[in-house]
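To keep things clear, I will list the structure first and then write my remarks on it.
Predicted model, so just to flag it, every value in this text is computed and none were measured.
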Amino acid sequence: MARILIISGIVLLSLGLLRPLFTKLHLGRLPGDIAIEKEHWQFYAPITTSILLSIVLSSVLWLLQKLGS
């Protein structure tokens, strides 16, 4: 359990540090991402970005699994 928490913390820290890079690449504002902004209220659902990141991470993990076997 400790190993999972440490790895999760490192991943979240890395994503936080890479956030400026994501904004330069326009990740998070792709077509299909829902953004509603009102006067005192905002809603954001990064659907397309989530799907894209899921595909990339799944591909990387699949490749690492194949290389490890």
Side-chain angles (χ1 to χ4, degrees):
M1 184 68 175
R3 176 184 252 175
I4 292 172
L5 289 174
I6 291 171
I7 292 172
S8 299
I10 291 171
V11 168
L12 288 174
L13 178 66
S14 300
L15 289 174
L17 293 173
L18 291 173
R19 186 167 184 233
L21 176 65
F22 292 153
T23 56
K24 285 183 182 179
L25 295 174
H26 299 290
L27 284 176
R29 293 292 180 171
L30 295 173
D33 290 346
I34 299 171
I36 301 171
E37 297 180 12
K38 300 278 182 161
E39 189 174 326
H40 298 287
W41 182 77
Q42 292 181 0
F43 175 76
Y44 181 66
I47 296 170
T48 306
T49 301
S50 298
I51 293 171
L52 179 65
L53 289 176
S54 175
I55 291 170
V56 169
L57 288 174
S58 295
S59 299
V60 168
L61 292 174
W62 177 81
L63 183 63
L64 288 174
Q65 182 183 12
K66 289 295 179 184
L67 292 174
S69 297

*In the hydrophobic cluster built from side-chain contacts under 4.5 Å, what are the other members alongside Trp41?*
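Via sub-4.5 Å side-chain contacts, Trp41 links to Ile34, Ile36, Phe43, Ile47, Ile51, Ile55.
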
*List, by chain and then residue number, the residues other than Ile4 in its hydrophobic cluster (Ile/Leu/Val/Met/Phe/Trp/Tyr, side-chain heavy atoms under 4.5 Å); write none if there are no others.*
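Direct or chained contacts put Ile4 with none.
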
Once side-chain contact (heavy atoms from CB on, under 4.5 Å) is applied, do any residues pair with [X], and if so which ones, sequence neighbours excluded?
{"X": "Leu15", "result": "Val11, Phe22"}
{"X": "Ile10", "result": "Ile6, Ser14"}
{"X": "Thr48", "result": "Leu30, Asp33"}
{"X": "Gln42", "result": "Glu37"}

_Leu63 reachable from Leu52 in the ILVMFWY side-chain graph, under 4.5 Å edges_ = no

*asked:* If I compare all heavy atoms of Pro46 with all of Ser50, which pair ends up nearest, and what's the gap?
replied: O-OG, 2.7 Å

*Spacing of Leu64 atom CG and Ser59 atom OG [to the nearest 0.5 Å]*: 11.0 Å

